[in-house]
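Worksheet: the structure to be examined is printed underneath.
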Amino acid sequence: MPQAGRDGAGMPMIVEDWDRLTFRVNREAYRSSEIFDRERDNVWLQNWLYLGHETEIAKPNDFIVRTLAGRPLIFCRDTDGEVRAWLNSCPHRGTVLCRETTGSSKLFQCFYHAWTFRNNGDVAAIPDDSAYEGSEGLRESMKLRAVPRLETHEGYVFVSFNPDVPPLLEHLGDAADYMTMIEQQHVSGMTTLPGVQLYSVRGNWKLAVENAMDGYHFSPTHNTFVGYLRENGFAVTDDDQYAYNLGNGHSLLVLTGHGGRISMIWEPRFGEDERARTAAHRKEMTERLGEQRAHYVADESHILFVFPNLLLFDIEGLSIRQLEPVSAAQTDVRAWQLVPRVEDPASRALRMKTVVSFVGPGGLATPDDIEAYEAVQRGIEATANERRGELDFSDMSRGMVDEVKGVQGRSIDEGAMRGFWRHWVSAVGIDNGLRVDGKRPASFLEGRDVR
Amino acid sequence: MPQAGRDGAGMPMIVEDWDRLTFRVNREAYRSSEIFDRERDNVWLQNWLYLGHETEIAKPNDFIVRTLAGRPLIFCRDTDGEVRAWLNSCPHRGTVLCRETTGSSKLFQCFYHAWTFRNNGDVAAIPDDSAYEGSEGLRESMKLRAVPRLETHEGYVFVSFNPDVPPLLEHLGDAADYMTMIEQQHVSGMTTLPGVQLYSVRGNWKLAVENAMDGYHFSPTHNTFVGYLRENGFAVTDDDQYAYNLGNGHSLLVLTGHGGRISMIWEPRFGEDERARTAAHRKEMTERLGEQRAHYVADESHILFVFPNLLLFDIEGLSIRQLEPVSAAQTDVRAWQLVPRVEDPASRALRMKTVVSFVGPGGLATPDDIEAYEAVQRGIEATANERRGELDFSDMSRGMVDEVKGVQGRSIDEGAMRGFWRHWVSAVGIDNGLRVDGKRPASFLEGRDVR
Amino acid sequence: MPQAGRDGAGMPMIVEDWDRLTFRVNREAYRSSEIFDRERDNVWLQNWLYLGHETEIAKPNDFIVRTLAGRPLIFCRDTDGEVRAWLNSCPHRGTVLCRETTGSSKLFQCFYHAWTFRNNGDVAAIPDDSAYEGSEGLRESMKLRAVPRLETHEGYVFVSFNPDVPPLLEHLGDAADYMTMIEQQHVSGMTTLPGVQLYSVRGNWKLAVENAMDGYHFSPTHNTFVGYLRENGFAVTDDDQYAYNLGNGHSLLVLTGHGGRISMIWEPRFGEDERARTAAHRKEMTERLGEQRAHYVADESHILFVFPNLLLFDIEGLSIRQLEPVSAAQTDVRAWQLVPRVEDPASRALRMKTVVSFVGPGGLATPDDIEAYEAVQRGIEATANERRGELDFSDMSRGMVDEVKGVQGRSIDEGAMRGFWRHWVSAVGIDNGLRVDGKRPASFLEGRDVR
Amino acid sequence: MTAVGEYGVVTVAGHALSRAQVEDFLYEEADILDAWRYDDWLALFAQGARYEIPTTDYAGWSLHESGSFVDDDYDLLLARVKRLKSRKAHAENPHSRTHRLISNVRAFAHEDKLRVTASFVVHRARDGQFDTYVGRYEHLLLPTDDGLRFWLRRSILTHEALPAGARLSFIL
Amino acid sequence: MTAVGEYGVVTVAGHALSRAQVEDFLYEEADILDAWRYDDWLALFAQGARYEIPTTDYAGWSLHESGSFVDDDYDLLLARVKRLKSRKAHAENPHSRTHRLISNVRAFAHEDKLRVTASFVVHRARDGQFDTYVGRYEHLLLPTDDGLRFWLRRSILTHEALPAGARLSFIL
Amino acid sequence: MTAVGEYGVVTVAGHALSRAQVEDFLYEEADILDAWRYDDWLALFAQGARYEIPTTDYAGWSLHESGSFVDDDYDLLLARVKRLKSRKAHAENPHSRTHRLISNVRAFAHEDKLRVTASFVVHRARDGQFDTYVGRYEHLLLPTDDGLRFWLRRSILTHEALPAGARLSFIL
Ligand code: FES
Ligand code: FES
Ligand code: FES
Ligand SMILES: [Fe+3]
Ligand SMILES: [Fe+3]
Ligand SMILES: [Fe+3]
């Protein structure tokens with residue numbers, strides 16, 4: 001068992017008990033480097049992954065380099081305007097081809113031997129190619145290496161290292177519409193901005209997923225932020241709010257008691273001028289989207305998780321968060337602010353101030369979440385290789401009393417986490433990873449219809 | 001052999017030769033991470049471990065957090081005054097429960113979801129526990145996780161992660177009385193003080209054990225400290241001093257030629273005022289303990305090793321040293337000064353100055369010991385995976401010429417180390433870990449009767 | 001395959017295709033720690049390794065400590081003037097024996113227990129050796145541990161941890177004469193100087209070997225240095241220059257278009273005074289060596305690689321570079337400047353300025369090479385565990401069109417690298433490490449006769 | 001070359017200021033922050049002042065138009081201080097141990113303000129980790145009769161990304 | 001706002017002292033220590049002076065009543081210097097290469113002494129390791145006619161524990 | 001004890017110089033280097049000046065007689081700057097992000113020059129790595145009517161060896 005404990009091989013990762021109504025997650029899932037390797041192979045190299053947003057490379061020839069699943073990539077728009085994802089590694093001897101982090105260029109030239117490539121992947125030049133047999137075949141075989149699959153939904157660019165992955169929309173399923181809702185907030189559509197939050201947490205990536213789907217932590221963990229909102233005339237509540245499993249590991253928190261819906265629901269802290277702009281914008285939305293759709297788009301805050309590496313925060317502004325696991329115990333995080341392409345400068349300034357006051361390592365809330373991931377990662381060392389094996393499990397049973405009855409789980413329950421873990425264990429493919437005691441319900445609630 | 005060398009599996013760790021009278025230790029024992037893992041599983045998670053001293057948590061509700069065997073623990077005295085050791089990890093999702101290093105509190109509240117526990121382990125509050133089946137059962141099952149065993153001897157608190165470990169006193173055996181002797185030095189009893197030396201050495205923990213049991217290194221390694229004592233009127237000698245194996249891996253160095261016995265044997269460097277105080281105290285001791293017991297308590301310096309992680313230095317003052325292995329090549333060390341609860345302020349100041357002048361990373365002696373551990377750890381890389389396998393062994397043969405005759409080993413022999421290694425190899429349970437050539441004596445000397 | 005990819009076990013490391021005329025190297029060879037361990041066992045612990053130059057320890061009792069194959073060594077000249085290589089680890093308990101980096105001493109005394117050794121390896125003193133059986137046998141068995149083999153050629157000292165390695169000259173083969181040529185440049189012979197460049201690169205050691213044998217990178221990578229030479233009246237060319245495999249993994253680049261041949265071929269940047277000194281020296285060389293030998297010695301720049309850890313740069317001055325792999329992704333580099341024992345101070349100053357302007361981490365050229373190793377090491381992460389396995393290979397096919405015809409490869413081809421890799425794969429002994437498709441030539445060109 | 005007496009004195013809005021005075025101001029702030037004296041820290045700001053930390057990709061843009069780490073107007077600054085003084089600011093309870101080195105201080109007149117640049121290294125010890133934050137101050141200081149006050153307090157990180165475990169939950 | 005001429009001058013026991021003078025004293029000490037000139041270092045102390053390094057859990061207590069890393073009265077200071085000058089102080093033979101940064105220097109009058117605080121970073125290279133010691137000085141200096149002298153030299157570490165390989169065998 | 005007014009002034013070749021002036025010179029250079037303004041940097045050198053970085057085993061020898069990392073006479077210095085300004089200096093394109101701390105500045109008259117010593121730490125961020133270069137300046141400065149100029153700019157590393165990934169492709 002300690003040996004087993006060392007890599008978690010062959011142990012149940014999840015234990016569901018439908019008699020006791022408990023759901024337990026093996027803490028080895030956060031600690032084990034062997035499980036990290038399996039996740040890399042069976043999830044990150046198989047699944048769709050969020051790469052970036054179209055608006056980051058708005059113009060032809062724009063490029064950004066970005067590491068995804070540990071692989072250095074070039075995310076660019078070629079000269080013809082097509083969005084591309086190339087391995088950032090020279091086909092000749094593997095040198096990082098593009099060493100700039102961002103810029104605009106028609107060509108990528110490797111500095112080592114000056115092989116040069118067009119941003120559509122074609123070989124532009126190989127010095128002295130007479131040294132090779134069949135220089136035509138050479139140019140064919142030495143094109144830039146593409147990430148096998150790339151598809152886009154509402155400006156969100158996804159890639160997969162698995163050529164056989166099903167179509168993106170099939171993968172996104174019910175999650176797709178919540179991305180559409182964000183795009184519908186403003187008639188001009190949305191764009192990312194410069195000023196990307198790059199940080200890294202000493203915690204397993206799944207702790208960041210749980211935290212985002214966990215309404216139960218909000219008032220204790222963010223006590224000071226709740227206080228700040230309260231003093232500014234907004235009474236936060238957790239009542240009548242729900243967490244949904246959207247299938248394929250995706251999930252959704254719908255929050256109606258947390259505010260921060262700039263240009264959709266006015267709050268005193270936004271100031272008087274903003275009040276009129278908000279009213280006007282709501283009017284425009286209703287005309288454009290109709291009463292009910294406008295309601296869903298405007299009046300609810302959403303936290304959407306798209307398995308495995310994308311979190312969308314449609315609350316206190318709009319931010320995109322990407323998770324890049326580095327090791328079992330470390331995760332790089334990247335966050336972009338998403339704003340209406342066209343917006344009143346005062347609203348924009350208010351939006352930027354507001355979103356940053358909440359999210360990111362310098363905000364008034366996110367640091368407490370980071371403290372949580374890191375305190376969990378440290379804390380679970382207490383039961384590593386524990387003889388009393390059952391103590392090395394974390395509890396996520398909240399709301400199983402409803403779940404077993406088929407009642408929709410609340411935001412302050414742990415149902416969204418259970419959905420995530422159930423998907424995770426099958427995706428990672430750990431033998432006997434799931435143990436079910438007692439009689440499991442025939443099915444679980446999935447999705448939510450807002451159309 | 002190199003592959004074997006890479007993890008030391010299946011190689012003899014110790015080779016005793018009773019024809020040549022040599023004792024050799026495989027240097028893989030200091031280098032191998034696989035052996036480190038076995039030690040963690042078979043020693044640190046099975047044996048009694050020194051956790052801390054009662055006086056560190058003198059009052060009800062006092063707590064200290066401390067990592068032992070890599071596990072974060074809460075070492076506290078509950079509201080009813082009972083000493084406790086809890087895993088510092090929330091039973092809910094594993095968060096470090098108590099993030100303060102020390103303090104006083106009746107309750108421990110997890111900041112993540114505000115689960116709250118009494119310092120006796122009971123659940124005090126679980127917010128919105130209606131989300132769980134059977135909230136009574138929940139409170140039962142979600143109590144703080146205790147370290148399975150905790151026992152105290154003379155104020156020294158030991159714990160074990162093994163519920164089936166034999167009683168503490170059985171484990172301590174002959175070592176127990178030397179802890180009693182320390183307690184008997186002063187009628188008021190002893191207490192630890194604030195000002196804990198926390199440091200970390202780049203060496204295997206067993207090098208620190210060997211060093212403490214090694215009188216042979218004293219004059220060459222501590223040449224400058226010996227010189228300092230000599231200039232201050234004390235002539236250090238290594239004659240007629242012995243090292244004892246106390247069984248269960250414990251051992252004892254009895255030093256009568258090294259001085260520093262504050263308030264028991266006066267030296268010029270202590271100053272004239274101290275002379276009278278020393279005489280008075282010796283008188284009190286003799287009355288209280290009788291001539292002979294007082295002699296053993298007062299006139300000998302002792303260095304006691306309690307397997308596997310406690311060293312008591314009853315020399316140049318009194319200090320407790322705890323070893324916390326971090327990896328094969330790194331060991332965290334913690335040292336507390338132990339003083340009479342009641343003491344003349346001038347004696348106290350003298351004591352503190354004296355002990356620190358000797359022990360600790362800022363002293364005039366310990367740094368040379370640390371240099372030794374670290375120089376050994378670096379040096380043994382020279383023979384890693386050596387084809388001439390016999391060169392990858394360290395020699396600890398000193399005094400086998402006496403040992404084979406059943407003659408008690410001297411402090412400047414290496415008999416205490418041999419006793420340690422013989423116990424270690426059986427405790428760690430390495431197959432064929434011990435190779436014996438020639439005819440081994442039927443038994444070895446063990447213990448020493450001073451009662 | 002991903003699992004395989006994780007350590008590269010059982011995969012072809014090299015794929016030669018004689019139909020397509022391609023040569024591909026598996027990037028796992030640069031990344032895998034398992035392959036690093038095999039290299040350590042099968043190459044570094046078996047082969048001759050360059051340790052240092054006789055002139056670093058010019059006088060009896062001089063010593064230098066140096067780590068080779070991860071082993072701390074003492075490289076010294078004993079009192080009788082013999083060159084020695086000792087494991088820098090005390091035979092007693094393994095302490096680093098000599099903690100000074102360099103100096104002069106007849107004796108090495110271990111500080112831990114004062115065991116003392118002569119620089120010829122004999123035991124000089126073991127304090128209180130009566131504690132051991134048979135103190136004579138003890139002194140015999142406790143001599144300093146020598147590196148099993150040590151031989152010298154032209155002042156270059158090589159050692160092997162393998163007692164059964166064939167004689168050095170047999171190993172050096174054709175490489176030996178190029179070391180002789182350097183010695184013949186000046187009648188006084190050559191010496192190393194103080195001022196050793198110690199640095200470390202974040203790249204696999206084999207990338208440093210490839211780079212040195214790679215004339216193809218010179219003009220693009222060193223664009224700025226070429227520009228500097230051009231402005232100073234020297235037109236760099238890559239025409240009619242060749243790369244030779246010398247057997248046993250050794251190789252040679254002969255460059256006639258790159259200059260920097262101080263005191264042999266004058267250039268304007270060397271200044272007028274140097275012109276006369278150069279002419280005089282060339283005259284002396286011709287008298288001493290004869291027309292043709294003098295031509296080979298003086299008019300060609302040479303970059304010589306002696307497998308596995310020595311690079312000699314007879315270009316822009318003379319430097320010795322030693323490679324000490326630390327991990328798959330890190331290599332320590334040491335570089336010494338080699339100069340005539342007797343030289344005009346102005347020539348010497350010119351030489352030092354010139355060599356340093358080119359080589360070393362502060363030069364105008366080497367930093368771009370370091371950038372290359374490191375950019376490759378980062379870049380090849382892009383194809384780690386790639387499903388399209390063939391993409392995880394680097395191409396070294398340049399000049400196979402000539403090689404297949406038995407035509408000597410040019411400096412700007414990749415033939416020297418292919419020779420290196422062919423030797424490497426057999427030396428490391430990876431099962432099925434080499435895959436040959438199509439019909440391989442019966443033999444490859446090897447060596448070059450200049451005698 | 002000016003005589004030493006007046007060397008290096010900058011006059012702003014009628015206040016003659018030496019580098020030494022600016023250094024003393026920054027050193028005092030550092031001690032206040034390391035001692036967790038947040039009310040005293042607030043007192044170093046002029047009413048309406050701002051506190052900014054751009055992201056590591058910062059290229060000079062306005063934080064009103066871009067993402068950032070900290071974009072506090074005076075109201076948010078008050079909220080931040082209030083939070084930091086609360087026992088419930090979990091990310092900083094227990095408090096980080098911080099240590100600050102401020103060097104390369106330079107001061108320039110900038111309209112009615114003093115533009116101050118400096119190099120900083122902030123060390124932070126917490127949870128057995130020891131983090132280092134490296135960057136540059138680009139402040140605007142307001143000279144008043146009671147001494148200098150922050151008008152814009154801006155910390156610009158040198159890092160390419162915040163390293164593992166680093167966060168800006170304390171004042172950088 | 002005082003004129004620059006006298007700005008920042010502290011007068012102690014009749015000695016007018018500027019921060020620059022204190023910095024020069026600390027910078028000179030740093031060079032002396034890095035050059036291993038221990039006799040010169042001793043000469044910077046007043047007779048009867050003390051050298052202290054509290055442990056990392058230090059909370060202001062007296063070292064006479066608690067554990068510590070260094071608790072040298074003048075006699076022990078002499079013994080320490082004698083040891084460091086000996087070839088047999090193995091922990092420092094060969095000598096560590098040290099490098100010191102002293103910043104954020106502040107000086108305050110404290111009875112007849114000058115209370116000086118500063119931030120330090122000491123880098124130490126030895127045995128292929130490169131260690132960093134981060135902390136704060138809280139000294140008491142005695143102004144004399146021959147310049148400043150240490151009355152209490154105290155180094156307070158910022159670390160939560162001495163990191164691996166760190167030791168105080170040299171002067172921090 | 002000298003009055004503060006003139007305290008610490010060194011007079012060289014008729015130029016009265018204070019430490020503050022030397023610090024300002026070094027701080028300005030640091031900003032110029034961090035901003036990659038190489039023409040401005042070159043302007044800080046006197047004609048015929050040298051730039052030197054000895055190896056880490058440096059024991060005081062002449063770089064004309066030993067190996068070194070940098071041994072630039074004025075011509076090579078020009079070549080180095082030209083290289084650094086080129087887009088083809090691959091090791092520094094993209095540019096490293098550098099950050100400099102200069103402390104413990106001391107100035108001494110040395111014939112007609114000013115001998116300046118200081119401690120430096122240079123941080124360098126590139127390719128996801130964050131390297132630290134620790135060492136000591138030992139410069140010779142030439143006082144001119146237009147201010148100070150480098151006559152010998154020498155950086156001496158404290159490291160025992162350049163750590164992994166460290167290189168001197170930028171100006172240390
Ligand atoms: S590695 Fe890119 S051109 Fe050679
Ligand atoms: S993890 Fe402790 S309360 Fe949830
Ligand atoms: S280890 Fe060298 S003498 Fe004991
Ligand atoms: Fe949160
Ligand atoms: Fe000792
Ligand atoms: Fe090159």
Side-chain angles (χ1 to χ4, degrees), chain B residues 1-3 5-6 17-22 25 27 30-31 207 210-211 214-221 223 238 368-369 371-388 390-404 409-410 412-415 417, chain C residues 33-34 36-38 40-42 44-46 65 67-74 85-99 109-116 125-135 137-138 141-148 160-165:
Chain B
M1 153 88 169
Q3 280 318 93
R6 286 233 137 65
D17 186 326
W18 293 98
D19 302 325
R20 295 223 193 68
L21 296 181
T22 58
V25 174
R27 292 170 176 177
Y30 308 104
R31 275 188 316 245
L207 295 169
E210 290 174 354
N211 176 273
D214 175 6
Y216 188 44
H217 85 279
F218 200 87
S219 38
T221 301
N223 176 288
D238 288 318
D368 297 326
D369 293 315
E371 175 79 354
Y373 320 147
E374 301 194 345
V376 171
Q377 195 73 36
R378 292 198 311 279
I380 59 179
E381 285 303 313
T383 47
N385 313 320
E386 169 68 49
R387 286 161 142 261
R388 299 162 293 175
E390 71 283 1
L391 297 191
D392 196 28
F393 282 75
S394 287
D395 186 85
M396 298 181 203
S397 311
R398 286 185 64 79
M400 281 178 84
V401 287
D402 287 338
E403 187 174 42
V404 73
R410 303 168 302 167
I412 58 170
D413 290 335
E414 294 172 326
M417 283 166 240
Chain C
S33 60
E34 200 229 22
F36 180 83
D37 290 343
R38 284 158 170 267
R40 178 59 61 91
D41 295 336
N42 301 342
W44 301 82
L45 297 186
Q46 302 295 335
V65 303
T67 297
L68 200 63
R71 291 154 153 55
L73 303 181
I74 302 173
W86 306 113
L87 301 191
N88 190 7
S89 178
C90 183
H92 178 216
R93 302 231 303 256
T95 312
V96 171
L97 183 62
C98 177
R99 296 172 302 131
Q109 181 173 63
C110 180
F111 84 96
Y112 202 175
H113 309 97
W115 287 24
T116 310
I126 293 180
D128 183 40
D129 61 3
S130 65
Y132 297 96
E133 172 81 347
S135 83
L138 180 75
S141 67
M142 289 297 169
K143 281 185 163 154
L144 286 186
R145 289 29 170 130
V147 181
S160 181
F161 294 99
N162 171 9
D164 311 320
V165 70

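The figures that follow rest on heavy atoms only: side chains count, while hydrogens, waters and symmetry mates do not. Naming: A, B, ... by sequence-line order, numbering from 1 per chain.
If you measure heavy-atom distances from Ser219(B) to chain C, you find no contacts under 4.5 Å at all. With a threshold of 4.5 angstrom between heavy atoms, Cys90(C) approaches chain B through N, CA, C or O but not through any side-chain atom. Proximity to chain B involves both the backbone and the side chain of Arg93(C), based on heavy atoms less than 4.5 angstrom apart. Residue contact with chain B, scored on non-hydrogen atoms closer than 4.5 Å, is absent for Trp86(C).
Pairing each heavy atom of Gly94(C) with each of Ser89(C), the nearest pair is O-OG, 3.0 Å. When all heavy atoms are compared, the tightest approach of Ile74(C) to Cys98(C) is CD1-CB, 3.7 Å. Between Ala375(B) and Thr95(C), the shortest heavy-atom distance links the atoms CB-CG2, 3.5 Å.
Of all the listed residues (His92(C), Glu133(C), Arg145(C)), the one sharing the greatest number of non-hydrogen pairs under 4.5 Å with chain B is His92(C). Between chain B and the options Ala114(C), Pro148(C), Ala131(C), Pro91(C), the largest number of non-hydrogen pairs under 4.5 Å is found for Ala131(C). In terms of non-hydrogen atom pairs under 4.5 Å with chain B, the most contact-rich of Thr67(C), Leu97(C), Asn162(C), Leu68(C) is Asn162(C). Top candidate by heavy-atom pairs under 4.5 Å with chain C, chosen from Glu371(B), Glu210(B), Arg378(B), Glu374(B), is Glu371(B). Contact tally against chain C (heavy-atom pairs below 4.5 Å) for Asp214(B), Asp413(B), Val404(B), Leu391(B): the top residue is Asp214(B). Between chain C and the residues His217(B), Glu414(B), Arg410(B), Arg398(B), the most heavy-atom pairs under 4.5 angstrom are made by Arg398(B). Ranking Asp129(C), Asp128(C), Asn88(C), Leu138(C) against chain B, the residue ahead of the rest is Asp128(C), based on heavy-atom pairs under 4.5 Å.
Here Phe111(C) pairs with His90(E) under the ring-ring contact (aromatic ring centres under 6.0 Å, His included) rule; sequence neighbours left out.
The structure places OG of Ser397(B) at 10.0 Å from CD of Glu403(B), a figure rounded to the nearest 0.5 Å. Within the model, atoms CD1 of Ile412(B) and OH of Tyr216(B) stand 8.0 Å from one another, a figure rounded to the nearest 0.5 Å.
Remark: of the listed residues Asp369(B), Asn211(B), Thr221(B), Asp368(B), Asn211(B) is the sole one forming a side chain to side chain donor-acceptor pair (under 3.5 Å) with Tyr112(C).
A side-chain donor-acceptor contact under 3.5 Å links Arg387(B) and Gln46(C).
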